[in-house]
Structure formats: C-alpha cells, structure tokens
**Student:** 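Pasting in a structure now, in structure tokens, and then I'll have a few things to ask.
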Amino acid sequence: MTTPAPDPRTLDRRLDALARQPFRAKFHLRGRDRATAALKGPATLRWHAYDLIAKRLAPAEPYKDGRQTPYRGHPVFVAQHATATCCRSCLQRWHGIPKGRALTRTEHAYVVEVISRWIAREMTDGGSSGQDPCRSDPGHEIS
C-alpha cells in the first residue's frame, strides 16, 4: 500500500473511516488542548506537528514505540491518537507506511497533513465533551 496524496477529499474519507472506529472516535479536542489549538492557530500547530513527528515517529525505530505519544498535553498528541498516527504500528496498519525504516519526506508531510486536517475539522465541528478516552481504555499501551 502506498502513501496516498494529501488530497483533502482523500484525507476526509480516511478521517471519516477512522472516526468510525470505537477507540479513535473517543478523541476530541477538549479543555486546555482545545484552548491551545485556538490560541496557537493552524500554522503554529502544523509546525509543532512537523517537529513532534520528526522526533517521536519519523525514526526507523522510535524510542518507546507504541508508548511514545501521550493522550493529552498538546492538540497534536490528541490528533495522533484520533488519526492513528500515534506509533509506527498504527501508521502501518491504517496508513500503509511500513515500520523499520525512517519516514520519507513525503510520508512525514502526509502525517502532518493528516494531523492538521483532523485538528481543523475538530475546531470547525466544535468537538465533543464526552468522557476522557484515557480513563475509558486503561489497557491501551500509552503512558
């Protein structure tokens, strides 16, 4: 499976499919993360996403892979769980980007675009105020 072009319609279809997954559907920007997204704006969040992905996901063997992405603390972290870009296993399963090698520039840009698109949709749609997904799924392997 190849990395799809970051066409907005393609991204929206992928995000809609992910939102139908019970675990992924629990994630929304709330509280401080939502306020941070509103305050920083899309351009700054895109830069943060690019930097966080470079450090935490792009290496061939990321440190603590599968547990490197917190549930909250930054809008990008929430978006990573909602979009299955939180670890290399999810990236492989949901986006077809193989594990065991560093992300290419195109793949890195794609991941940032997926995250940015989710945040934009979340800020436009108003999000949700349901239960915190961390509390509802204590078995998930994220610290």
**Student:** Minimum heavy-atom separation for A25 and A19, please, with both atom names.
**Tutor:** CB-O, 3.1 Å
**Student:** Check whether H48 reaches the backbone of P75 with its side chain - one donor and one acceptor, N or O, closer than 3.5 Å.
**Tutor:** no
**Student:** Do L52 and F77 pass the side-chain contact (heavy atoms from CB on, under 4.5 Å) test, and can you show the C-alpha distance, the side-chain angles, and the key distance before you say yes or no?
**Tutor:** CA-CA 9 Å; L52 289 167; F77 295 152; 3.9 Å; yes
**Student:** Is the Y110 ring parallel, tilted or perpendicular to the H95 ring (thresholds 30°, 60°)?
**Tutor:** perpendicular
**Student:** Would you give the length of the straight line joining atom CZ of R56 to atom CG of D65, rounded to the nearest 0.5 angstrom?
**Tutor:** 12.0 Å
**Student:** Just how far is it from atom CZ of R46 to atom CD of E113, taken to the nearest 0.5 Å?
**Tutor:** 4.5 Å
**Student:** Rounded to the nearest 0.5 Å, how far apart are CG of L15 and CD1 of I115?
**Tutor:** 10.5 Å
**Student:** Taking all heavy atoms of G66 and all of Q68, pick out the closest pair and write down the distance.
**Tutor:** N-OE1, 2.7 Å
**Student:** On the 0 to 90° scale, with breaks at 30° and 60°, tag the Y71-F23 ring pair as parallel, tilted or perpendicular.
**Tutor:** perpendicular
**Student:** Any idea which heavy atoms bring L57 and P62 closest together, and the distance?
**Tutor:** O-CG, 3.8 Å
**Student:** Once you round to the nearest 0.5 Å, how far does SG of C87 lie from CD of Q80?
**Tutor:** 9.5 Å
**Student:** Using atom types as modelled and distance alone, determine if a side-chain donor or acceptor of H28 lies under 3.5 Å from a backbone N or O of A82.
**Tutor:** no
**Student:** Can you name the closest pair of heavy atoms from T83 and W118 and give their distance?
**Tutor:** CG2-CB, 3.5 Å
**Student:** Tell me whether D16 is salt-bridged to R121, with the criterion being a basic N under 4.0 Å from an acidic carboxylate O.
**Tutor:** yes
**Student:** Do the side chain of R24 and the main chain of L18 share a donor and acceptor less than 3.5 angstrom apart?
**Tutor:** no
**Student:** Just by distance, do the side chain of R88 and the backbone of P59 share a donor-acceptor pair under 3.5 Å?
**Tutor:** yes
**Student:** Please report the shortest heavy-atom distance between A37 and M123, naming the atom on each side.
**Tutor:** CB-SD, 3.8 Å
**Student:** Could you measure the distance from the NE2 atom of H108 to the CD1 atom of I97? Nearest 0.5 Å is fine.
**Tutor:** 10.5 Å
**Student:** Flag the pair R34 / E122 as yes when at least one side-chain heavy-atom distance between them is below 4.5 Å, and no otherwise.
**Tutor:** yes
**Student:** For R32, does the CZ atom sit with more than 12 other heavy atoms under 6.0 Å from it, leaving out its own atoms?
**Tutor:** no
**Student:** Please report the shortest heavy-atom distance between V112 and Y50, naming the atom on each side.
**Tutor:** CG2-CA, 3.5 Å
**Student:** With rounding to the nearest 0.5 Å, note down the distance linking CG in L45 to NE2 in H74.
**Tutor:** 6.0 Å
